[in-house]
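Working notes, beginning with the structure itself.
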Amino acid sequence: MLHIKCPHCGMRSQNEFSYGGDASVKRPELGKEISDEEWNNFVYNRKSLRGKHWELWQHLSGCRQWIKVERDTATHEIFKTLKANEEIS
Amino acid sequence: MQKYSIFSLVKNAFSNHENWDLAWKDPTPKSEYDVVIIGGGGHGLATAYYLAKEHNITNVAIIEKGWIGGGNVGRNTTIIRSNYMHDDNALFSEFGMDLWRKMSQDLNYNVMFSPRGIINLAHSDAQMNVYARRGNSMRLNGIDAVLLNREQVKEIIPMADFSENVRFPIFGGLMQPSAGTARHDAVAWGYARQADSMGVDIIQNCEVIGFDVSGGKIQGVRTSRGNIKAKKIGLCVAGSTNILAEKLNMTLPIETHLLQACVSEPVKPVLDKVVTFGAGHFYISQSDKGEMVMGGDLDGYNSYAQRGNLPTLQHVLTEGIAMMPFLSKLKMLRTWGGIMDMSMDGSPIIDKTHIEGLYLNCGWCYGGFKATPASGWTFAHTIAQDRVHELNAGYNLNRFNTGHLLDEKGLGTKTWIS
């Protein structure tokens, strides 16, 4: 079982969390011309990295906050967690 | 190639079965091939077989990082079905059903195809309506479908929970009588043996390091066993698709996720159908050895681990016990995991790419095993003719740009959500 350190609540079991996908995906900026390709990349295309992967999780059965987690997709090791509004360094 | 038959079995019995031919050779890679297939799983092996058989292209190599049949073709729950509603999925899968029926004779290899039927259980009136609609769509496409009421289901699978006070009562189900199971390893080995006998080189322990592309055209592949030139290259690597796509500077509408399956200890024959739970995600059948073969949800996060975590397994088996309470008495024999190429609409991709001579076969989600023959057949056609067949025309990569998604389950882009 994964143990995820929620930046708000501390170390909790995977059962309390729900997965939200790749955290590096950015919605195209509003207020400028957006090409089909940009939309396509945002909605569908994913790198799906093998190794370190920044991803979104929601602490659904806890504080209900969205958080960012850096996890290895091959070993499931978790390196770092951030609040949703903190930038990935 | 030695033909397998009762006579060859008897003949070899006299020499203590010590003189059987090798089922396939272990060649050193040549420097150049007409077609290189990357991935020695079911789909890759089937593709090579149909390239040789249907298109007379035999200067072909299959390169495989590990050993053939060691990935998802050896890890699935062996279910074969074509109970799809959308035309593209239904016609493709039903074409595959026909290949399944002939496969043992075609390959001279007993794949133990067992068309025992599949029942999708319904647990509400609304779900019965949905199944009636799907069943009608199937029948319009020439696929057998029978809508069963509660009593009819009870007659077929009396071991399911038909008591009064259950959270998800069984209202009925949709049955495809011609669906079934097959011996998954035999499928890989049967295709490998026939492809090898027609001249295909099966090269194992050969990892792809990179690709040579120039002038928008594929030139070859760099591997751990040397550089191999190729006029055409087909990718058939399921959960590893994104790893190879990155080497080609391509980003695809695919995420790699983890799916677990498990078998119980073997018991006497109790279940002669494949059954799926309709109020969650759980499916079960009984193997010829007597093990209950079970599976369900993805673990739900990106993973290349090929091994799962307990919370998902517990969740899946809770559904199983809700459906068939006797399962709680059984001991677990094995659990394992495989990595799935989850596409963004839940349907596969068999297509050409923007690189000339590079072809893509991926996005099978957790339904790749049943598609093995049809996938190999259509992918071989796409590679040989350099154009898609009408059967896989709907499985094009461009549908994500144009909005012509094949969203059978209506889940949107997060097909890994359960």
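Heavy atoms only: backbone and side chains are in, while hydrogens, waters and symmetry mates are out. Every chain is numbered from 1 and lettered A, B, ... according to where its sequence line falls, protein lines coming before strand lines.
Here R46(A) is the residue among R46(A), E37(A), Q14(A) with the most heavy-atom pairs under 4.5 Å with chain B. In terms of heavy-atom pairs under 4.5 angstrom with chain A, the leader among D345(B), I254(B), N309(B), T312(B) is N309(B). Between chain B and the options L2(A), V43(A), N45(A), the largest number of non-hydrogen pairs under 4.5 Å is found for N45(A). Of the residues considered (D72(A), D22(A), N40(A)), N40(A) shows the highest number of contacts with chain B, using heavy-atom pairs under 4.5 Å.
At distances below 3.5 Å, at least one donor-acceptor pair connects side-chain atoms of S48(A) with backbone N or O atoms of T256(B).
For chain A, the nearby part of T413(B) is the side chain; its heavy atoms alone come within less than 4.5 Å. In this structure, chain A has a heavy atom under 4.5 Å from the side chain of I243(B), while its backbone stays farther away. Heavy atoms closer than 4.5 Å to chain A are found in the side chain of L258(B), but not in its backbone. Only the side chain of L405(B) comes within less than 4.5 Å of a heavy atom in chain A; its backbone stays farther off. For W39(A), no part lies under 4.5 angstrom from a heavy atom of chain B.
Of the inter-residue distances, the one linking H53(A) atom NE2 with Y301(B) atom OH reads 13.5 Å to the nearest 0.5 angstrom. In this structure, the separation between OG1 on T75(A) and CZ on R307(B) is 7.5 Å, given to the nearest 0.5 Å.
More than 12 heavy atoms of other shown residues, nucleotides or ligands fall within 6.0 angstrom of atom NZ in K32(A). When the shell of 6.0 Å around NZ of K5(A) is examined, it contains 12 or fewer heavy atoms from other residues, nucleotides or ligands. Atom CH2 of W336(B) sits in a crowded spot, with more than 12 heavy atoms from other residues, nucleotides or ligands closer than 6.0 Å. Other residues, nucleotides and ligands contribute over 12 non-hydrogen atoms within 6.0 Å of the CD atom of E86(A). Within a 6.0 Å radius of CG in L310(B), no more than 12 heavy atoms belonging to other residues, nucleotides or ligands are found. For NE2 of H8(A), the number of neighbouring non-hydrogen atoms (other residues, nucleotides, ligands) closer than 6.0 Å is greater than 12. Surrounding CD of E246(B) are at most 12 heavy atoms belonging to other residues, nucleotides or ligands under 6.0 Å away. Within a 6.0 Å sphere centred on CG of N398(B), other residues, nucleotides and ligands contribute more than 12 heavy atoms.
The minimum heavy-atom distance linking K414(B) with G20(A) is given by the pair CE-O, 3.9 Å.
A donor atom on one side chain and an acceptor atom on the other are found under 3.5 Å apart for N302(B) and Y19(A).
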